[in-house]
Amino acid sequence: MYSEKVMDHFTNPRNVGELENPDGVGEVGNAKCGDIMRIYLDVEGDVIKDVKFKTFGCGAAVATSSMVTEMVKGKTLDEAMVISNAAVAEALGGLPPAKMHCSNLAADALHAAIINYREKQEKKE
Ligand code: FES
């Protein structure tokens, strides 16, 4: 029922953990199941230099989190901001319909981390 890519990212997730002094942090909870995801960003100029995640959730949530970190590393903030939940699910070769809501966490947490970074920058100015 899961694609090979989902199984790969679930059993061997990339970029798991925290960053010591992250430039931006985003956290979202999934209202449907109570699962939580947190994304940490290191930003240099306008580019995401490093990204880590912690997901307290189901296998599909772990796989989508892992995939989103791979998709955004090296991207500009604007490029990362337009990555959608559907794009993450697509990059994983799709998710079973009952698990599509799990992919919402990854993109939402990413966007929240970018917004957090931008807010911090504004305060500095
Ligand atoms: Fe909670 Fe998948 S069941 S994110």
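Numbering of ligands and ligand atoms starts at 1, following listing order.
Under the 3.5 Å distance criterion, with hydrogens and angles disregarded, a donor-acceptor pair is assigned to the side chains of N15 and K73.
Distance from atom 4 (S) of ligand 1 to its nearest protein heavy atom, with residue and atom name: D35 OD2, 3.2 Å.
The distance from atom CD1 of I39 to atom CD1 of I48, rounded to the nearest 0.5 Å, is 8.5 Å. To the nearest 0.5 angstrom, L110 atom CG is 6.5 Å from L41 atom CG. Atom OG1 of T76 and atom CG of D46 lie 5.5 Å apart (nearest 0.5 Å).
The shortest side-chain heavy-atom distance between V88 and I83 falls under the 4.5 Å cut-off. Here the side chains of F56 and D35 are not in contact, with every heavy-atom distance at 4.5 Å or above.
Residue-ligand proximity, N30 to ligand 1, at heavy-atom distances under 4.0 Å covers atoms 4 (S). Counting the atoms of ligand 1 from 1 in the order shown, those under 4.0 Å from a heavy atom of C58 are 2 (Fe), 3 (S), 4 (S). Atoms of ligand 1 lying under 4.0 Å from at least one heavy atom of A61, given by number and element, are 4 (S).
Neither the backbone nor the side chain of K32 has a heavy atom within less than 4.0 Å of ligand 1.
Among the atoms of C102, an N, O or S atom falls under 2.8 Å of atom 2 (Fe) of ligand 1. Distances from atom 2 (Fe) of ligand 1 show that C33 has no N/O/S atom below 2.8 Å.
Residue contacts with ligand 1 include K99, since one of its heavy atoms falls under 4.0 Å from the ligand.
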